Amino acid sequence: MSDEPQPQQPDRGWAPRRPQASAPRRGRAGGTPQRTGWRRLIPTWRTTLGSLLIAALLVVGGFFLGYHLVQIPAANALATQQANVYLYADGSVIARDGEVNRENVTLAQISKDAQHAVLAAEDRDFYTESAVDPQAMIRAAWNTATGKGKQSGSTITQQYVKNYYLRQEQTVTRKVKEFFISIKLDREQTKDQILEGYLNTSFFGRGAYGIQAAAHAYYGIDASRLDAGRAAYLAALVNAPSQYDVITHPHNREAVEDRWNYVLDGMVDEGWLSPSERDGMRFPTPKATTLPTGLSGQRGYIVTIAKNHLIENDIVDEASLDAGGYRITTTLSKDKQDAFVDAVNDNLMDRLDPKNRKVDTHVRAGGASVDPRTGKVVALYNGVDYVKQYTPNATRRDFQVGSSFKPFVFTSAVENDSRTQDGRPITPNTVYDGTSERPVQGWSGRYAPENEDHRDYGRITVREATDKSVNAVYAQMAVDVGPDKVRQTAIDLGLSKNTPSLDDAGPSIALGVATASVLDMAKAYATLANHGRHSAYTMIEKVTRGPDTVPLPERRPRQAVSRQAADTTTSVLRGVVEKGTATAAQTAGRPAAGKTGTAEEDTAAWFAGYTPDLATVVAVMGQDPVTAGHTPLYGAMGLPRVNGGGAPAEIWGQYTRDALKGQPVKAFDLRLQPGAWRTQPPDDDTSMRPRSPGDPTDNFDSGTPDATGTGSRTPDDTAEQPDDWTTGGATTGADGGNTGGTTDGGTTGDTGDGDTDDGDANGDGLTGQDGLTGALTQNNRGDWW
């Protein structure tokens with residue numbers, strides 16, 4: 001054992017030790033040297049791998065968490081709003097209502113070219129790719145960050161999600177939601193459903209949402225008619241709707257055409273368009289101006305009336321209409337509608353001078369035209385402009401109809417086989433006392449109406465009283481018939497049972513104190529034109545919403561009054577046009593029947609008339625633009641007064657001529673009441689007092705000639721006549737009389753000598769030199785005037 005001191009082992013206690021020389025440091029496991037200096041800042045591969053694993057777990061976890069938390073929401077309010085589209089009978093657009101101009105259509109209603117053009121522009125791999133494209137999103141983000149232009153990198157699915165479910169703000173939250181909703185939506189809907197939704201929600205400029213609205217806004221056609229060229233332009237618009245409208249931004253045309261070519265080339269690359277078709281294409285410049293979507297002019301009136309019609313007839317409820325999306329085809333004819341506006345402008349509006357005549361600012365006009373055979377409304381005139389005068393003048397019920405109501409009184413008399421106070425049957429030639437302010441007989445109270453201008457007519461036939469619109473005669477006739485029966489006849493013909501002042505009128509009902517609308521009157525006159533057969537009126541031809549068709553109420557025609565009652569009234573009303581108060585209506589150039597009317601204090605003037613093909617009513621009204629009160633029309637258009645034979649009849653004549661232009665001229669085919677042609681004098685005329693019905697010498701209900709007649713037998717002067725007898729035409733005799741018309745199987749009357757009864761073989765021939773031309777038939781018709 002050596003005496004040399006031995007080296008000591010380090011004390012395991014807490015005694016201090018002397019520092020020893022440092023040896024090279026090793027790693028914990030492999031003995032590698034520990035990194036020093038800047039190398040310590042670089043993560044090891046273990047750290048990197050661990051971080052990547054943690055990040056992957058976070059991403060996967062975040063994905064599943066986001067997928068679980070983010071649900072497909074309800075559609076945003078803007079995406080579901082649609083316009084209701086109102087169409088003429090020929091399919092052309094009248095107007096679109098609603099805050100958003102959108103009309104959703106099915107994919108089948110969008111042309112294949114339009115579908116392919118949008119895919120070529122926005123997402124060519126739509127049918128094969130997933131709902132999201134991360135690579136495209138990264139590329140778009142990079143291009144945006146490096147100044148190569150703002151890009152979305154979104155698939156069509158993502159764009160649809162943004163349009164339909166989310167808002168348009170550019171935020172990370174919205175983008176995250178868009179990502180997850182797109183993935184979920186792709187699992188729940190087919191590609192076709194997503195494409196359809198995208199095409200219906202995309203914005204194309206000009207206020208048009210969806211490709212259907214865009215097709216109308218730029219080219220005036222449905223999306224189903226878009227060809228490749230037009231479709232490619234609309235597809236290009238999606239990228240920059242406002243900037244790519246070459247009409248409003250012509251300086252961008254070069255860029256637009258580049259984009260258009262890009263879309264077409266893409267269609268060729270995908271096999272959706274042949275190279276030969278592509279080579280022959282030229283840029284389809286959109287229309288500079290298209291049909292406005294607003295409600296100015298007549299459009300707003302039509303929309304208002306059509307909506308009310310849908311609601312009142314339980315076709316579509318108000319809440320559903322407000323939601324939009326309906327395509328409503330009306331019965332209105334665009335040509336006739338335009339003709340009505342022109343006629344009003346030419347004969348009324350252009351004659352007004354509101355700067356120099358205050359009364360001209362009060363002038364309003366309303367009109368309605370109905371096809372008698374179908375009951376369809378073919379034209380309406382409601383006012384100068386909906387945005388200036390909101391009240392539709394064709395449907396308002398606040399102006400008296402005046403003497404245009406009188407034909408309903410006579411129709412009711414014939415329909416009810418009514419007789420005068422002294423027992424004489426009421427016919428066109430029954431004689432009444434036409435003295436102005438003559439007290440009505442047979443009425444409990446005193447009623448003595450005055451004739452226009454206080455004129456006395458003395459003894460006058462119903463036919464003449466109608467020509468001259470004699471109030472005294474028709475007030476007495478209303479009592480003879482019974483006001484209740486008159487009221488019911490008016491309702492049967494087409495007036496609303498809710499017509500103001502219709503229920504509480506006595507003899508005054510004959511003078512038109514009721515305030516029916518222009519459209520109501522047109523319906524009633526259409527029934528007269530259709531031989532008493534009433535076709536329930538309508539102005540709606542078809543209603544659809546998307547692929548669904550809304551059922552319309554069944555319309556069953558009915559015989560409102562007998563044909564003889566309607567036709568006999570027509571025979572009387574023809575004299576009003578030929579030589580009465582409405583000769584201005586002759587400008588129609590066709591056989592016509594009608595009646596003028598004037599409201600109390602001249603606040604409204606009417607003309608209601610018809611041809612065999614068309615029934616039309618026109619009214620000119622006075623209304624203070626500030627107080628909305630009714631005002632007289634004295635001095636309007638620089639005239640002392642406005643009556644039905646003036647502007648209303650002139651408007652009617654021009655409109656009817658233009659509306660029926662190109663259609664064959666048809667004559668009235670009439671069957672008159674028995675004895676319609678024979679004069680019935682009042683009982684105080686002993687020389688011509690009618691015999692009692694049982695008197696064998698009474699010729700009113702027989703075919704035998706009377707002492708003053710011509711001896712000609714007529715098919716309509718016997719109670720036993722068959723219903724198929726019709727009246728024929730009459731020609732003027734050489735000596736100022738006339739030759740009686742011939743009916744189918746009837747006889748020809750003798751040559752007249754100018755007397756009122758000569759030659760009246762058909763019951764409605766010319767009565768003297770200035771008498772009424774007989775009713776015309778298809779079998780005996782010549783030139784009208």
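What you see is a predicted model; the values in this text were computed from it and never measured.
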What heavy-atom pair brings [X] and [Y] nearest, and what distance separates the two atoms?
{"X": "L295", "Y": "A95", "answer": "CD2-CB, 4.0 Å"}
{"X": "A208", "Y": "A217", "answer": "CB-CB, 4.1 Å"}
{"X": "G366", "Y": "N393", "answer": "CA-CB, 3.7 Å"}
{"X": "I315", "Y": "V550", "answer": "O-CG1, 3.5 Å"}
{"X": "A120", "Y": "G266", "answer": "CB-C, 4.0 Å"}

Any side-chain to backbone donor/acceptor pair from [X] onto [Y]? Under 3.5 Å, distance only.
{"X": "S111", "Y": "L226", "answer": "yes"}
{"X": "S535", "Y": "R373", "answer": "yes"}
{"X": "R102", "Y": "S202", "answer": "no"}
{"X": "N84", "Y": "Y326", "answer": "yes"}
{"X": "R590", "Y": "L660", "answer": "yes"}
{"X": "Y218", "Y": "A213", "answer": "no"}
{"X": "E196", "Y": "T106", "answer": "no"}
{"X": "D317", "Y": "A319", "answer": "yes"}
{"X": "Q298", "Y": "G383", "answer": "yes"}
{"X": "R96", "Y": "A83", "answer": "no"}

Report yes if some heavy atom in the side chain of [X] is under 4.5 Å from a heavy atom in the side chain of [Y]; otherwise report no.
{"X": "I94", "Y": "K334", "answer": "no"}
{"X": "E541", "Y": "L552", "answer": "no"}
{"X": "L519", "Y": "L380", "answer": "yes"}
{"X": "F204", "Y": "V238", "answer": "yes"}
{"X": "H309", "Y": "T330", "answer": "no"}
{"X": "S369", "Y": "L614", "answer": "yes"}
{"X": "I651", "Y": "Y381", "answer": "no"}
{"X": "T285", "Y": "I247", "answer": "yes"}

Fill in: Residue pair N104, Q212: steps toward the side-chain hydrogen bond (donor to acceptor under 3.5 Å, both in side chains) verdict
CA-CA 7 Å; N104 287 343; Q212 172 75 350; over 6 Å; no
Once rounded to the nearest 0.5 Å, what's the spacing between atom [atom1] of [X] and atom [atom2] of [Y]?
{"X": "D113", "Y": "E277", "atom1": "CG", "atom2": "CD", "result": "7.5 Å"}
{"X": "I302", "Y": "L87", "atom1": "CD1", "atom2": "CG", "result": "11.5 Å"}
{"X": "D338", "Y": "D658", "atom1": "CG", "atom2": "CG", "result": "11.0 Å"}
{"X": "E257", "Y": "Y233", "atom1": "CD", "atom2": "OH", "result": "10.5 Å"}
{"X": "T538", "Y": "N313", "atom1": "OG1", "atom2": "CG", "result": "7.0 Å"}
{"X": "Q337", "Y": "D342", "atom1": "CD", "atom2": "CG", "result": "10.5 Å"}

Worksheet item: When you look at CD of E318, are more than 12 heavy atoms from neighbouring residues, nucleotides or ligands closer to it than 6.0 Å?
Response: no
Fill in: More than 12 heavy atoms from other groups under 6.0 Å of CZ on R555
yes
Salt bridge check: are [X] and [Y] linked by an N-O gap of less than 4.0 Å?
{"X": "K191", "Y": "D123", "result": "no"}
{"X": "D227", "Y": "R230", "result": "yes"}
{"X": "R259", "Y": "E122", "result": "yes"}

Fill in: From CA spacing to verdict: side-chain contact (heavy atoms from CB on, under 4.5 Å), M281, L273
CA-CA 11 Å; M281 288 188 178; L273 184 66; 3.9 Å; yes
Practice prompt. Report the C-alpha separation of S92 and D90 in whole Å, then their side-chain angles, then the decisive distance to 0.1 Å, and conclude whether the side-chain hydrogen bond (donor to acceptor under 3.5 Å, both in side chains) test is met.
Written response: CA-CA 6 Å; S92 57; D90 63 3; 2.6 Å; yes
Worksheet item: Taking only residues two or more places apart in sequence or in another chain, which ones pass ring pair (Phe, Tyr, Trp, His ring centres under 6.0 Å) with Y655?
Response: F340
Item to complete: Apply side-chain contact (heavy atoms from CB on, under 4.5 Å) to Y301 and Q389, showing your working.
Response: CA-CA 9 Å; Y301 298 119; Q389 299 173 9; 3.6 Å; yes
Item to complete: Verify side-chain contact (heavy atoms from CB on, under 4.5 Å) between E270 and L119, making sure each step is shown before the conclusion.
Response: CA-CA 10 Å; E270 297 295 327; L119 292 175; over 6 Å; no
Discussion item. Test side-chain hydrogen bond (donor to acceptor under 3.5 Å, both in side chains) on Y127 and D192; report intermediate values, then the result.
Written reply: CA-CA 9 Å; Y127 277 97; D192 281 351; 2.5 Å; yes
Discussion item. Just to verify, which of Q109, R327, H216, Q82 counts as forming a side-chain hydrogen bond (donor to acceptor under 3.5 Å, both in side chains) with E103?
Written reply: R327
Item to complete: Report yes or no: is the cationic atom of R278 (NZ for Lys, CZ for Arg) under 6.0 Å from the centre of the six-membered ring of W260, at an angle within 45° of the ring normal?
Response: yes
Worksheet item: Parallel, tilted or perpendicular for W272 and H116, by the 30°/60° rule?
Response: parallel
Practice prompt. Under the side-chain contact (heavy atoms from CB on, under 4.5 Å) rule, what do L195 and L107 come out as? Steps first, then yes or no, please.
Written response: CA-CA 8 Å; L195 180 60; L107 199 62; 4.2 Å; yes
Discussion item. Checking Q654 against D346 for the side-chain hydrogen bond (donor to acceptor under 3.5 Å, both in side chains) test, could you report, in this order, the C-alpha distance in whole Å, the side-chain angles of both residues, the deciding distance, and whether it holds?
Written reply: CA-CA 9 Å; Q654 178 179 323; D346 292 345; 2.8 Å; yes
